[in-house]
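First up is the structure itself, then whatever we jot down about it.
Each chain gets a letter, A, B and so on, in the order the sequences are listed, and its residues count up from 1.
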There are 2 protein chains.
Amino acid sequence: MSDKVHNQTPLKITMEVIMNISLQSNKCSSCVINSFCLPTELNKEESKKIDQLINQKTKLKKGEYLYKQGDSFNYIFSIRYGSLKTQLFLEDGRSQVIGFHLPGEIVGLDGISYGTHQSEAIALEDTELCVVRFSVLEALCKEINVLQHHVYKMFSREITQDHRHLLTLGSLNGEEKIAYFFVYLSERLSKRGLSPTNFHLAMGREEIGDYLGMKIETVSRILAKLNSTKIIEIRSKELKILNIHELHRLAGSERSKQVATQLLLTRH
Amino acid sequence: MSDKVHNQTPLKITMEVIMNISLQSNKCSSCVINSFCLPTELNKEESKKIDQLINQKTKLKKGEYLYKQGDSFNYIFSIRYGSLKTQLFLEDGRSQVIGFHLPGEIVGLDGISYGTHQSEAIALEDTELCVVRFSVLEALCKEINVLQHHVYKMFSREITQDHRHLLTLGSLNGEEKIAYFFVYLSERLSKRGLSPTNFHLAMGREEIGDYLGMKIETVSRILAKLNSTKIIEIRSKELKILNIHELHRLAGSERSKQVATQLLLTRH
DNA sequence: CGAGCGTTTGAAATCGGTCAACAGCAGTGG
DNA sequence: CCACTGCTGTTGACCGATTTCAAACGCTCG
């Protein structure tokens, strides 16, 4: 029903289709962001094999669903450009944003255990994704050692991130939560070659609140406070971080030391 | 340092050692809880291979560490009996319990991505674990298809559980959190053949609070309230669930897809 | 049996939530 | 191009759930 993967086909020749075809022809081996999705230590033969992985891409417009809770699981997705949020709901409408996902990141991993997606994924802006049939990836992992290990790492990183998020929701106050959010976002953007201090927020205030377990009014007030104390400068969705050090301190300094050193190390 | 895996050795012949040896001789293929750790669809040959996985076990007394944050990662662990908690800390001492782990469950998965454990694991009571060298498991996965798939499912289940935990911390109030906690515990115990309604809590009030993101006093008050409204009967660490239906209702167990689609309709 | 910890209970304080009004902006259609 | 509309975000006043502080209780284990 919301399975965007299958309705890629009916072709009218438009600029968009041409763009799409040209992108389709891109192989992982020549993809500009492959260092985010794939292991870096592949030999030529392995690189060639890996190009079998992607024979489908899909595009979403802002607000469109990639999958919904209960959709059957067959694919995982890697973001080429744009961004997504994943979220869960309670029956009374309360929602919890599980994560915001940037280019190079993988979504859909929560579907494997039950065969159906346990959350839903929605585009925050126009977004393109590589579609990977999980069974194909699984088969390829048996042939390529480093790929198998990479996939385990990918799962493990997801778990580690969720744990940090749990620490944030369970142990930080409002201001600390927002600080954590900006620091975390800043780090991920900077790994992608974007400015760590000046960036555009793809998500709204309410979505930030749903991610951090707080109401929109509280988010708004805390942003106003950080703004007035010159720690950040925020106007609508444009954010400037003026005092990253203070944000780190607020976000729970122990962790930020760790993350800072990780940043230095993981640049390869 | 806290690596219990290696200090299993110095032998005085005591009843405990004899017990231990007899357990050591147990293979996965004949383990009473193997249906929790391992895939069920193994043929004989595969079963035999899998017995290579475990050649080490370890025992922890209440309060002992299995691993600490920063310990190097080599093993994952499967609980034979007893229970563990895993947790993260902030610099100022605030702690977040990530999970409580029961027999048949796997701990240590968060260590893969960075090569060091990102959390710490502590025994809640006397506990025995199977020690699995992760590289051996990885190698075996290449040979046994169902095992590989099982491992992916295991990771995915972990992620799904963390997501539920996030929903709990971010979107439920105190009473709902406690209800969720009991329902979740009840389900897992009942899968292990124990009573879903009468059981012993291995963790203290403070640990429950650290798991749910609330203070011990709040936990205590909510327990008193649930007790007085005859939904549970709790005395020290002995819990009787009197009205499981009401607990389910409080925990928001029906995460309805209907609501999600309603939202879709009203929002767009 | 007493010491000490973990837990319970009460009262006061605080943080975040709720409710309500309004501002800002984007998209729509005249 | 501008007015209208509706959505998102901001701000203020108030309220309530949870935390904080303090004291007492009651297990558990030497």
Side-chain angles (χ1 to χ4, degrees), chain A residues 61-63 85 90 92-97 122 124-126 168-181 200-228 232-239 250, chain B residues 61-63 85 90 92-97 122 124-126 168-179 181 200-229 232-239 250 263-268:
Chain A
K61 294 211 190 72
K62 181 174 175 167
K85 64 170 172 177
L90 289 170
D92 62 5
R94 281 178 283 182
S95 82
Q96 178 63 44
V97 170
I122 301 173
L124 292 173
E125 57 195 313
D126 290 4
T168 303
L169 292 192
S171 304
L172 300 187
N173 66 31
E175 206 176 32
E176 293 167 332
K177 283 176 177 178
I178 296 280
Y180 162 82
F181 174 65
H200 176 84
L201 301 173
M203 68 295 294
R205 302 287 192 271
E206 180 154 28
E207 291 166 321
I208 296 174
D210 286 348
Y211 178 75
L212 295 173
M214 51 209 273
K215 294 283 125 138
I216 182 172
E217 294 93 331
T218 311
V219 172
S220 184
R221 273 184 253 271
I222 289 169
L223 291 181
K225 186 183 170 199
L226 293 176
N227 197 64
S228 75
I232 62 171
E233 196 178 303
I234 189 163
R235 179 174 166 69
S236 176
K237 294 188 165 182
E238 302 309 316
L239 179 72
L250 278 173
Chain B
K61 294 213 190 70
K62 179 173 177 170
K85 65 171 171 176
L90 289 169
D92 62 7
R94 283 179 282 183
S95 83
Q96 179 64 43
V97 170
I122 301 172
L124 294 173
E125 56 196 313
D126 289 4
T168 303
L169 292 192
S171 305
L172 300 187
N173 66 30
E175 206 176 33
E176 294 168 331
K177 283 176 176 178
I178 295 281
F181 174 65
H200 176 85
L201 301 172
M203 68 293 294
R205 302 289 191 271
E206 181 153 28
E207 290 166 321
I208 295 174
D210 286 348
Y211 178 75
L212 294 171
M214 51 209 275
K215 293 282 126 137
I216 182 172
E217 294 93 331
T218 312
V219 172
S220 181
R221 275 184 250 271
I222 290 170
L223 292 180
K225 188 185 169 197
L226 294 175
N227 197 64
S228 74
T229 53
I232 62 170
E233 197 179 304
I234 189 164
R235 180 175 166 71
S236 175
K237 295 189 165 181
E238 302 308 316
L239 179 72
L250 278 173
L263 256 180
L264 178 68
L265 293 175
T266 56
R267 285 219 174 188
H268 289 275

With sequence neighbours excluded, tell me which residues meet salt bridge (charged side-chain N to carboxylate O under 4.0 Å, His left out) with [X].
X	answer
B:Lys225	B:Glu175
A:Glu125	none
B:Lys62	none

Nearest 0.5 Å, please: how far is CD in A:Glu238 from CD in A:Glu233?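 Atom-to-atom, A:Glu233:CD and A:Glu238:CD are 11.0 Å apart.
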
Grab the [atom1]-[atom2] distance between [X] and [N] for me, whole Å please.
X	N	atom1	atom2	answer
B:Asn173	C:dT18	CG	P	10 Å
A:Arg235	C:dG24	CZ	C1'	9 Å
B:Glu238	D:dC27	CD	C1'	13 Å
A:Lys215	D:dG16	NZ	P	16 Å
A:Ile178	C:dG16	CD1	P	10 Å
B:Arg94	D:dT19	CZ	P	12 Å
B:Glu125	D:dT28	CD	C1'	17 Å
B:Met214	D:dA17	CE	C1'	10 Å

For the backbone of B:Ser236 and the side chain of B:Arg205, can you confirm whether one donor and one acceptor N or O come within less than 3.5 Å of each other?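 Checking the backbone N and O of B:Ser236 against the side chain of B:Arg205, a donor-acceptor pair under 3.5 Å is found.
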
Side-chain donor-acceptor pairs under 3.5 Å in residues 208-217 of chain A, sequence neighbours left out?
unit_1   : atom_1 : unit_2  : atom_2 : d
A:Asp210 : OD2    : A:Ser95 : OG     : 2.9

So, for B:Leu90 and A:Ser171, which heavy atoms are closest and what is the spacing to 0.1 Å?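 Where B:Leu90 meets A:Ser171 most closely, the heavy atoms are CD1-CB, 4.1 Å.
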
If you take all heavy atoms of B:Gly170 and A:Gln96, which pair is closest and at what distance?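 B:Gly170 and A:Gln96 have their closest heavy atoms at CA-OE1, 3.2 Å.
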
Assign a letter to each nucleotide of nucleotides 3-10 of chain C from its 5' end: B, base within under 4.0 Å of a protein heavy atom; S, sugar-phosphate only; -, no contact. ----SBBB

Any side-chain heavy atom of B:Ile222 within less than 4.5 Å of one from B:Leu226?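 A side-chain contact under 4.5 Å exists here.
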
Through what angle, rounded to 10 degrees, does the axis of the helix from C:dC1-D:dG30 to C:dG30-D:dC1 turn between its ends, using five pairs per end?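 Computed angle between terminal axes is 40°.
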
